[in-house]
Amino acid sequence: METIMHYSCETCPIKSCAVETLDIEELLILQKNCGVRVFKKNETIFQQGSLTSNIAYIKSGLVKIHKKGPVKDQILKLIKPLRFIGIPTILGERLYQYSATAIESTSVCYIDTDIFRMLILGNGKFGNEIINELCKDEIRFFERSINQMQKQIHGRLADALLFFANDIFQNDHFRMPLSRSELGDFIHATRESVTRSMTSFKKDGLIEITGKNIVILDKPSLMRVSKTG
DNA sequence: GCATTAACCACAG
DNA sequence: CTGTGGTTAATGC
């Protein structure tokens, strides 16, 4: 079921900021060393423990980055389109230290790791954009980590709902792409606690739930819960 | 003590 | 896969 096809990097309308800095020659090199593949919902893009292959650029869809912990699987972050995943593999680790799975139908552009490294070495602007990406990502991760560690479950769930509405869907009415159990893995809670917290939000008129459909009715209150727990 | 929080377990759609 | 309810251990007045 692999659908690898080639296309023109030069005319790609959704280039990353980094690739935007490349000249024609570099784009041609990139072109020869990348390929697109579409993943279905719940399909594994790469798995923790398997051999590392390429750097991946998410063109469309939604991806979860997750890792097996001592107790259970944890979703470390969700990646929306026009971002790279797997850059850390450039360190040269033989095995992936974490997994990436499509949670919606996702289109990925693979870039050969050695070519990626070569572009960084040969083009300072390209390297700079990649560093910027990694820095922003780290800041975001710190932010999320501290919130996860210091808030209790209502606050963590409120954070997640606001994240989906504001960052992922830009809409207060959306279809939750994660199962209850996955949502639990995302906010470090059990699926039962997620359900309980959700019904409590519903009871208080903060949200409306119909299966996977979620409508945020009272955003100010939800933000207050996010802040105070 | 008593209340709250959240995990664990079991059972039912 | 979800929702619910009872139980339970930890924590905080």
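Put simply, CE on Met176(A) is 16 Å from P on dC1(C), counting in whole angstrom units. In this structure, CE of Met149(A) is placed 17 Å from P of dA6(B), rounded to the nearest angstrom. Rounded to an integer number of Å, the gap from Ile209(A) CD1 to dC1(C) P is 19 Å. Taking atom NE2 of His188(A) as the reference point, atom C1' of dC8(B) lies 14 Å away to the nearest angstrom. Computed from coordinates, the Ile103(A) CD1 to dC1(C) P distance equals 15 Å when rounded to whole Å. If you take CZ of Arg180(A) and P of dA7(B), they are 16 Å apart, rounded to a whole angstrom. In this structure, CG of Asp185(A) is placed 14 Å from C1' of dA7(B), rounded to the nearest angstrom. Atom CD1 in Ile153(A) sits about 13 Å away from atom C1' in dT4(B), given to the nearest Å.
When the nearest nucleotides of DNA chain C are assigned to Arg196(A) and Gly211(A) by heavy-atom distance, the more 5′-ward of the two goes with Gly211(A).
Relative orientation of the Phe116(A) and Phe84(A) rings is perpendicular, given thresholds of 30° and 60° on the angle between their planes. Ring planes of Phe39(A) and Tyr110(A): perpendicular class, angle over 60° (limits at 30 and 60°).
Under the 3.5 Å distance criterion, with hydrogens and angles disregarded, no donor-acceptor pair is assigned to the side chains of Asn42(A) and Lys64(A). Under the 3.5 Å distance criterion, with hydrogens and angles disregarded, no donor-acceptor pair is assigned to the side chains of Ser200(A) and Ser197(A).
Between dA7(B) and Ser193(A), a contact under 4.0 Å exists linking OP1 or OP2 to a side-chain N or O. Between Ser179(A) and dC1(C) there is no side-chain N or O to OP1 or OP2 distance below 4.0 Å.
Put simply, the side chain of Glu192(A) and the base of dC8(B) share no donor and acceptor less than 3.5 Å apart. Arg191(A) contributes a side-chain N or O that forms a donor-acceptor pair with the base of dG3(C) under 3.5 Å.
Heavy atoms of Lys212(A) sit under 4.0 angstrom from primed sugar atoms or phosphate atoms, though from no base atom.
Surrounding NZ of Lys125(A) are at most 12 heavy atoms belonging to other residues, nucleotides or ligands under 6.0 Å away.
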